Amino acid sequence: MVRATWRTRLGFVLAAVGSAVGLGNIWRFPWLTATNGGAAFLLLYVLVIVLVGVPGLLGEMVIGRRSRRNPVGAFGALGGRRWRVLGGVAVLASVVLLSFYSVVGGWILRYALASATGAYFGNPQGYFAAIDYGVGAAGFHVLFLLATIAVVYAGVDRGIEVATTVMVPGIVVLFGALAVWAATLPGSAGGYEFYLSLDVGYLRANFVDVLVAAAGQALFTLSVGAGAMLTYASYVDEDRSLAADGTIIAGLNTGIGVLAGLVIFPLLFSLGVSPGEGGPGALFVSLAGAFADLPYSRVVGVVFFGVVLLAALSSAISIFEVLVSYLVDEHDLTRSQATAGVGGLFLVTGSVTALSPSLFALLANTVANLVLTAGLLGFLLFDGWVLGKAALDEYEKGAGPVARMVGLPWYYAVAVALPLFLAFTLVSGLGGVVGVSVTAPQAAGVAVVGVVGAILLLRTTADAAT
Ligand code: PFF
């Protein structure tokens with residue numbers, strides 16, 4: 001079977017932006033910003049995106065385009081059979097991600113509908129508490145999943161490309177309009193102050209915590225580490241510059257994230273709602289509660305949650321596609337069989353997550369960050385020490401003069417600097433999960449020993465193979 005490719009360059013870029021822009025920008029980003037010191041978080045987040053996210057994204061895309069396969073097949077084809085396990089980690093990460101993502105997608109769908117009737121206006125807190133988990137939540141998760149299935153079923157070029165080409169510009173226009181409107185609300189200035197003015201003292205006192213949170217969020221928002229960008233890049237032709245496309249994708253994603261903040265914080269402050277009310281319900285309780293007090297509240301609610309729904313859908317599609325491409329490539333299923341099988345899987349895992357608040361919290365808060373960080377760490381070590389020069393070759397295909405100039409620095413970053421950084425955040429994050437307090441020097445020590453050990457091991461096995 002001939003492997004599908006994107007019809008247009010714009011199609012790929014928009015599909016990848018659609019993957020990147022999602023609940024991470026609108027639901028997770030404001031919540032993390034609020035609980036990590038506002039502008040302090042924003043600053044580190046943008047730095048990590050530029051210094052780690054973009055080169056990491058390119059590292060992942062290089063593997064997809066070079067192999068033209070799904071993650072499992074890609075590592076097997078490029079590195080040999082035993083590397084397939086690295087693709088297996090990506091497949092597992094995708095299962096983890098969509099199992100909770102689709103539950104939040106279900107919440108969004110429900111709020112879009114409930115905005116039209118004003119169902120949550122009287123008691124936002126009580127409404128969210130009544131619908132967050134349980135059979136109803138599982139039902140809406142299934143509806144959200146069905147919408148995802150419909151687009152993926154239609155295929156890469158006819159389904160995903162067409163859908164995201166409409167969705168992404170729609171998201172930008174509607175969020176732009178909402179941001180302008182939010183600026184006109186009385187009291188919105190406090191929101192800009194919180195969001196954009198830096199508290200250096202806070203940053204100094206909490207540097208590592210803020211950095212770890214910013215790093216996890218940077219990977220989540222760029223969709224790296226789970227094989228989604230690898231899979232999308234496997235449908236890209238060789239005459240395109242991955243570096244240029246990757247920079248555009250990250251730029252648009254970060255721009256839309258910052259724009260979401262320019263809607264959410266002014267809105268919250270204008271209504272005197274504290275942005276620090278954390279937890280997964282923050283967006284729903286405080287923001288939905290805020291809508292209730294506004295003129296045209298139903299219209300605002302429907303438009304807002306409608307846009308978020310589009311954004312969530314285009315991300316869910318990319319996670320789903322990882323598994324479909326795996327089954328089609330590796331197990332010779334047709335696209336419809338694969339879509340049905342993956343749909344059945346998520347029907348179960350998402351429903352279980354919708355019924356269990358503790359499972360939901362575990363997946364959404366910690367496991368997601370850890371699997372993405374571990375996944376990207378593996379991908380980059382693979383680029384640096386298994387593909388080696390071939391990774392740089394692939395990067396340079398179709399690249400313009402500027403991208404070529406930074407090719408070598410990119411390669412060293414991917415082979416050494418980024419793995420060290422990712423290992424550091426992974427160890428610090430793991431410490432938090434298992435309840436052991438790890439100091440920054442300790443985490444750095446473990447990271448250096450681990451990464452240097454892994455590199456030595458990879459070099460010896462590579463030498464033995466040649
Ligand atoms: N980037 C998406 C978001 O910000 O909502 C989430 C995501 C999609 C993460 C796809 C990872 C992934 F592979």
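Counting convention: from 1, in listed order, for ligands and their atoms alike. The shown structure was predicted, so the numbers you read here are calculated from the model rather than taken from an experiment. The figures here come from the full heavy-atom set of this structure, side chains too, leaving out hydrogens, waters and symmetry mates.
Taking the six-membered ring for Trp and the full ring otherwise, Trp107 and Phe140 have centroids separated by 6.0 Å or more.
A cation-pi geometry, defined here as NZ or CZ lying under 6.0 Å from the six-membered ring centre and within 45° of its normal, holds between Arg28 and Phe220.
In this structure, a donor-acceptor pair under 3.5 Å is absent between the side chains of Thr33 and Gln217.
Within 4.0 Å of ligand 1, protein heavy atoms come from Ser19, Ala20, Gly22, Leu23, Gly24, Asn25, Leu97, Tyr101, Phe220, Thr221, Ser223, Ala226, Ala228, Ser315, Ser318, Ile319.
Each of Phe100, Phe29, Tyr101 was scored for a side-chain contact (heavy atoms from CB on, under 4.5 Å) with Leu23, with one residue passing: Tyr101.
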All N/O donor-acceptor pairs, side-chain side in residues 44-60, below 3.5 Å, sequence neighbours left out:
from, atom 1, to, atom 2, distance (Å)
Glu60, OE1, Gly225, N, 2.8
Glu60, OE2, Gly227, N, 3.2
Glu60, OE2, Met229, N, 3.3
Glu60, OE2, Leu230, N, 3.0

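In this structure, Trp410 and Leu392 have side chains that are in contact, with non-hydrogen atoms separated by less than 4.5 Å.
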